[in-house]
Amino acid sequence: MATIQKVLLVDDEDDIRTIGQLSLSRVGGWKTVLAASGAEALEKAGAEAPDVILLDVMMPGMDGPTTFGQLRARPATANTPIIFMTAKIQKQEVARYLELGAVGVIGKPFDPMTLPQEIRRLVP
């Protein structure tokens, strides 16, 4: 079973980052690192070495799937479990993200009380 101690949350929306941080730190008991863009995610993932990355799909500039590819191309984050977060949860979309190599997909808006539990379920 993987021990999660630090989570990187990547989302361009302030509200999602705020709620996510509260959920992950207070409910999950994890150190939470925030990034507002794909570029910031790459920088922080390299510096912080998170145990799990929560990655928003729709972001201006570098979107989630592009950021995912960049994270996978770097030795430091090549094997870090990545979970996509998206408001559009259609079966074919989810299948595409899983094919990319994501460990799972969490729908937005997420429930802050159950988010850590969902992450633990996806990252055994």
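Only heavy atoms go into these numbers, but all of them, side chains included; no hydrogens, no water, no symmetry mates. Residues: numbered from 1 along the sequence shown.
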>> Within this structure, what is the CD1-CD1 distance for the pair Ile119 and Ile4, rounded to the nearest 0.5 Å?
In response: 6.5 Å
>> Working note: Asp63 + Met58, criterion side chain to side chain contact (heavy atoms under 4.5 Å, CB included); need CA distance, chi angles, decisive distance, verdict.
In response: CA-CA 6 Å; Asp63 69 357; Met58 307 278 287; over 6 Å; no
> Would you say Ile53 and Val10 make side-chain contact, with heavy atoms under 4.5 Å?
Replying inline: yes
>> Please identify which of these residues, Asp51, Val52, Thr3, meets the side chain to side chain contact (heavy atoms under 4.5 Å, CB included) condition with Val123.
In response: Val52
>> Within this structure, what is the CZ-OG1 distance for the pair Arg72 and Thr67, rounded to the nearest 0.5 Å?
In response: 12.5 Å
>> In this structure, would Ile83 and Ile16 fall into the same cluster of hydrophobic residues linked by side-chain contacts under 4.5 Å?
In response: yes
>> Can you tell me how far apart CD (Glu40) and CG (Asp12) are? Round to the nearest 0.5 Å.
In response: 11.5 Å
> side chain to side chain donor-acceptor pair (under 3.5 Å) between Thr18 and Asp15: does it pass, once the steps are laid out?
Replying inline: CA-CA 5 Å; Thr18 304; Asp15 294 357; 5.6 Å; no
>> Tell me whether Asp56 is salt-bridged to Lys108, with the criterion being a basic N under 4.0 Å from an acidic carboxylate O.
In response: yes
> If you group Ile, Leu, Val, Met, Phe, Trp and Tyr by side-chain heavy-atom gaps below 4.5 Å, do Ile89 and Leu122 land in one group?
Replying inline: no
> Do side-chain atoms of Arg120 reach the backbone of Gly28 as a donor and acceptor pair under 3.5 angstrom?
Replying inline: yes
> Do you reckon Ile82 sits in the same ILVMFWY cluster as Val94, going by side-chain contacts under 4.5 Å, direct or chained?
Replying inline: yes
> How many angstroms lie between CD1 in Ile19 and CG in Asp111, if you round to the nearest 0.5 Å?
Replying inline: 10.5 Å
> Under a 4.5 Å cut-off applied to non-hydrogen side-chain atoms, are Leu24 and Lys31 in contact?
Replying inline: no
> Salt-bridged, Arg17 to Glu13, with N to O below 4.0 Å?
Replying inline: no
> Side chains of Met59 and Asp11: closer than 4.5 Å at any heavy-atom pair?
Replying inline: no
> Measuring from Gln21:CD to Arg26:CZ, what's the distance to the nearest 0.5 Å?
Replying inline: 9.0 Å
> Do Trp30 and Ser25 come within less than 4.5 Å of each other through their side chains, counting heavy atoms only?
Replying inline: no
> Judged by atom type as modelled, is there a donor-acceptor pair below 3.5 Å linking the side chain of Lys6 to the main-chain atoms of Glu48?
Replying inline: yes
> Out of curiosity, Leu8 CG to Thr77 OG1, how far, rounded to the nearest 0.5 Å?
Replying inline: 10.0 Å
> How far apart are the closest heavy atoms of Pro112 and Ser23, and which atoms are they?
Replying inline: O-OG, 2.7 Å
> Is there side-chain contact between Phe84 and Leu100, with heavy atoms separated by less than 4.5 Å?
Replying inline: yes
> How about Leu115 and Ile106: do any of their side-chain heavy atoms sit closer than 4.5 Å?
Replying inline: yes
>> Please report whether the ring centroid of Phe68 lies less than 6.0 Å from that of Tyr97.
In response: no
> Do you reckon Val57 sits in the same ILVMFWY cluster as Leu71, going by side-chain contacts under 4.5 Å, direct or chained?
Replying inline: yes
>> Is there a path of hydrophobic side-chain contacts, each under 4.5 Å between heavy atoms of I/L/V/M/F/W/Y residues, joining Phe110 to Leu54?
In response: yes
>> Between Val105 and Thr86, is there a side-chain heavy-atom distance shorter than 4.5 Å?
In response: yes
